[in-house]
Amino acid sequence: MIWTAFAFYVFAFFTVFAAVMVIFARNPVHSVLYLILAFFNAAALFLLAGAEFLALLLLIVYVGAVMVLFLFVVMMLDIDFVALREGFARYLPIGLIIGLLLIAELMVVATSASVLPGAPLDVALPFAKFIGMDNTQALGTVLYTDFVYPFQIAGLILLVAMIGAIVLTLRHRPDARRQKIGEQVRRDPARAVRLVHLAPGEGLGQTESD
Amino acid sequence: MLAVNPILPELLLAVGAMVLLMIGAFSRDGAYGLIRTLSLVLFGLAAFVLLAFVDSPADAFGGMFRVDAFAVFVKVLILVAAGFALMVADDYLAYRGLRRFEYPVLILLATVGMMLMVSAHTLLALYVGLELQSLALYVLAAFNRDRLRSSEAGLKYFVLGALASGMLLYGISLIYGFSGTLDFAILAERLKNPATVHPGLLTGLVFLFAGLVFKISAVPFHMWTPDVYEGAPTPVTALFAGAPKAAAMALILRVLMEAFPGMVEEWRQLVIIVAIATMAVGSFAALVQTNIKRLMAYSSIANMGFALAGVAAATPEGVRGVLIYMVIYVLMTVGSFALILAMRREDGWSEEIEDLAGLATTRPAMAAAMAIFMFSLAGIPLLAGFFAKLYVFLAVVHAGLVWLAVVGFIFSVVAAVYYLRIVKVMYLDPPKVEFSPIAGSGIPFVAGVTAALNSPLHLLFIWPLVLVAGIAANALF
Amino acid sequence: MNQFHVIVFGPLVGFLIAGLFGRRIGDRASMLLTSLLVSLSAVLSIPVFIDTAFSGGQFSVPVLEWVQVGMLHFTWSLHVDTLTAVMLVVVTVVSSLVHWYSIGYMDEDPDKPRFFAYLSLFTFAMLMLVSADNLVQTFFGWEGVGLASYLLIGFWFKKPSANAAAIKAFVVNRVGDFGFSLGIFALFMVTGSVGFEKIFAKVPSLAQADFIFLGHQAHALTVIGVLLFIGAMGKSAQILLHTWLPDAMEGPTPVSALIHAATMVTAGVFLVARMSPLYEHAPAAADLVTFIGATTAFFAATVGLVQNDIKRVIAYSTCSQLGYMFVAAGVSAYGAAIFHLFTHAFFKALLFLGAGSVIHAMHHEQDMRRMGGLRPMIPLTYLMMIVGTLALTGFPLTAGYFSKDSIIEAAFAHGGSIGEYAFVMTVVAAALTSFYSWRLIFLTFHGRPRASEEVLAHVHESPAVMTIPLMVLAAGALFAGWGFHEFFVGEARGEFWNGALAAGGGRVLDHIHHLPWTITYLPTVMMVLGFVIAFWFYLANPAVPVALAQRMNGLYRFLLNKWYFDELYDLLFVRPAFRIGRALWKIGDGRIIDGLGPDGVARAVMAGAARIRRIQTGCIYTYAFAMLIGVVLLVATVMLAERGF
């Protein structure tokens, strides 16, 4: 057990450290890399908690897809960081006050850790009905039964996201040359090829196929 | 009866939206006209199914989804508001070259989201409904992607909406952590003993509340509103100002009344603070606006402040007042936007209040309708807006918060100034701008219907409305 | 709907039509319509008078439910008893005669419909006042006649003096009205009602009641009586509040005849008579009424001696005669007060309309020093003026003889120091009245013509539409006293008044038939004395008054300047009021109220709005930051509140 605890603190420390560095790194590419580090550590924490499916999901989806996309975006954008930091000093005092206030509030919350009477105290423990199942199976079991409603709505949300992405970005350029597969397949020699006789020394002249 | 019976109207709309999406995707020209008409039919059908076939009260999906008189009332309002917003869009979309079939489809999906919000009975269902609605609205705000302001509006709304969602989720997680449940009924049960109110739960409630009132643009979570209202295409603004506000307000009512009746003393202060700030900012900031869309943004902020005052009453009467307020607010606002959409000159829409000068001589009917909306928004007796404020303030007074009613009254006097200024500009200033005729019958229809309902004719329907709203309000207690 | 409604609302209809559509229907139609409607009221009110006065009828005709607020509950109804009936006859008859007369008098005025509309409005308000069955309705009529009076005094609003006079009349009346309204409030406080019937039913039980105000104890009914009398003083131009009446002569002469002689100014007397059951139980207040009335009768008569404006002489005469009426009301001879009101309406209207005829003939010349010798040129007017003067001075068997003498006798019969004071004052005033009345006649009609040739060439007798009303009034002035004194003040009065006045029209009146003959003939002697002196001064030996004025210059100036009341008020009230007003306007209103109020709030609002707009940067960071601050502060607030902060 002691090693588990040790591992938890190590990963937790790096998660927090990486998260802080995301904010404080001067180079945005470094920020993204720190974020990836944070995700890796979070995935490790998931593993420690026995949530191997979530851990791998985090790696594959976030690190594998989202973060790479981020990296591309950051590297393609020309962000003027000097301009971004303008006013930083001006807003620093009030920002600090608000931050400290928030921390104080959360400390109050954390230090009075008791739960409501009647609240089940075993929420952190494995559910009885999932004992013996692996993560994926257990998630699948609830996702399509107890939580089919939010799951389906999530599907609708993704549909909207898809429509949105298309609506906001898809453009039909009339001058772009696009593949029209049906037409290409249906093409035959009779329409595609024309034989012309040319007398030597004469050019092709005006033809209709240009 | 079918197990999906309670969710039948939403199902109808969602499936219909997908079918229309397919029709649009596979037809050569996008078929905007057809899809728009079918969408309106779907709205009507959904309302019909809701009223005729859905059994209420009923639960579905293990208590995540609840349909009761309250939900039915608000859903009908949402369907009407969304339908009106779709009707007034034709001329604008045609003129700007935005007649794309995704527009009605997105409105349909947003409407599904709103209806799910109203029926949400767990914090999880609340969140997914909210996100479905919000995402569709973000896209709609940026719908005119070639105009910088529209894209900016979409982006701003999206980023700030994401922040609000973050707060909402943070609040939900705190509440879940300290109470062990997401279900409203169980939450209410566990909060019965008010002595056990916990700072964690309190913090969670504040964050949850912040995430929710962002959607009704309450202060200090309102700052996106003027920019988005101004930047988004006007028909989209007409949608924003109506249905989503009703849905979010209904959601706030349901969460506070059904899930947190045990913490009423705590959240009442919250509501009062936010309500006063909202009324104040909405009323004062509108005074210096020159753009009519921004003005309407602040107007809707101020109106939400008044409605929130009714929430603070925390009684069935207060909920009834808020429901009546939302109905009349939606009618006033959608009608006003219909007229704003009719303010088209040769070279595009004018959005300056000054351009309305002399409307009474150039377009007497339009000026008269606008005057009705403005007087109604100002809460002048003989117009519907008066009753809206009356029932809210009455409930506030009966709840023992006389001072809050007085504060609200003072701000409504301040707010009256800018509404009356528009009337003054229309009726007393010499004409400046000639508006072109607009295409389609949607705008005259919506403006006519809403103006009639706001005019003294409302006296015919106000009593049934009060009765029905009373039944709907009692469903929450 | 019955004849009462027609009587009261007919003039209102005339006012509305002439006022709203006067320009459309034309001058002629407006004049005829209003005159006919008022005449109709007059014709209908005579049978009403006969019914109530001689058949002992009393009616209350409901019009509307009016006010129902908590304890305060009363209807709007027309109450008709003998007192009302007398007033109805006086008001409608004089008003209709004045309407017809005005058709001739206002011949050259471009605003005829407006004038007739105002006249009809006044008539309606006056009828409202006299037919009221509760104090609020009385007050409505009271203010209505005040408004009409204001409008008519300022009818020629292009004349600054007319505007000033109208404002003065309005403001001075406000002082009286303030007292009147306080009186109504006080009555409501002690009786819980504003209806006459209920008030009078309660009054006897309140005879011993006291008010305690700021530690002072005061007899309740006396306080109420004094307050109501202050209202009456304002309306009836009694001394201290009399200054507006002479200035009111700026209005057209028919207005002076109708409002400032025959009807409106008598409203105060009417009010005291109406409240007679109350004054019966408030002897101190009644004594005050007598004192003020007697003083006014004397004071106004002295001022009348030296005035040169023909209308002002008659105005001061009116003031003086009103004083007589109050003397009668104060000594509990209410019948005599109303009797004098009744006869005075005829002869004073006659005098005013006659003066109007003179003025009309002289092309709006009002100064008697520029008249003289008009008798052969306008003989009919002269004759009418003589009749009016005889009645006013109390020539035997004319109207004034009966009514004024009964007042003087009542004052004597009342006895006591106040009675004696009133007696002396009224007797002296009777001589003065005779003097200034005949002075007016001699200066105007006799002697050498003093007007310019040009004016004299155009002097002409007035048209029939003006002279016929004069003759009707002259008939009244000659015979109203002889015909009615038996009913108003004589043996038949108990039956005649039928409870409309307290104590059957007055306790004192029983004694006046048993007075020594010296007292009875004293007024007539005084009348003759005044005539003789006037004859000597202005016909026989015109140098005497000039010499007298030079010898007693101080007294002359004192009288000519109306006892310096206007100057005193100017010094005491008007100028300080202007100073205070200016100060309040510049500092109070301008700097404090506007500065902190509308302007300040507006500035603050705009500053606040601008601040909100400045925060509205358009930057997404700002917005997000604002949200974060908001949520953190909200959490802090609820947490602190939860801990009991």
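Convention: sequence-line order gives letters A, B, ...; per-chain numbering from 1.
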Just wondering, do [Y] and [X] contact through their side chains at under 4.5 Å, heavy atoms?
X: Met639(C); Y: Val206(B); value: no
X: Glu266(B); Y: Val638(C); value: no
X: Phe209(B); Y: Val631(C); value: no

Inspect the surroundings of [atom1] in [X] and state if more than 12 heavy atoms from other residues, nucleotides or ligands are less than 6.0 Å away.
X: Arg174(C); atom1: CZ; result: yes
X: Arg149(B); atom1: CZ; result: no
X: Phe139(C); atom1: CZ; result: yes
X: Tyr150(C); atom1: OH; result: no
X: Lys198(C); atom1: NZ; result: no

Task: side-chain contact (heavy atoms from CB on, under 4.5 Å), paired with Tyr623(C), selected from Thr225(B), Asp227(B), Leu163(B) - done: Asp227(B)
Please classify the contact of [X] with chain C as side chain, backbone, both or neither, using a heavy-atom distance under 4.5 Å.
X: Ile273(B); answer: side chain
X: Leu155(B); answer: backbone
X: Arg294(B); answer: side chain
X: Ala277(B); answer: neither

- [ ] Would you give the length of the straight line joining atom CD1 of Ile620(C) to atom OH of Tyr157(B), rounded to the nearest 0.5 angstrom?
- [x] 13.0 Å
Task: Exercise: identify the closest heavy-atom pair between Leu634(C) and Val274(B) - done: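 Nearest heavy atoms, Leu634(C) then Val274(B): CD1-CG2, 4.0 Å.
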TODO: Heavy-atom distances under 4.5 Å only: say whether Leu633(C) touches chain B with side chain, backbone, both or neither.
DONE: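 No part of it gets close to chain B.
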Task: Residue-level contacts of residues 210-223 of chain B with chain C, using a heavy-atom cutoff under 4.5 Å - done: Ala210(B), Phe214(B), Pro220(B), Phe221(B), His222(B), Met223(B)
Name the atoms and distances for all side-chain donor-acceptor pairs under 3.5 Å in residues 414-424 of chain B, with sequence neighbours left out.
from      : atom 1 : to        : atom 2 : distance (Å)
Tyr419(B) : OH     : Ser299(B) : OG     : 2.8
Arg421(B) : NH2    : Gln289(B) : O      : 3.0

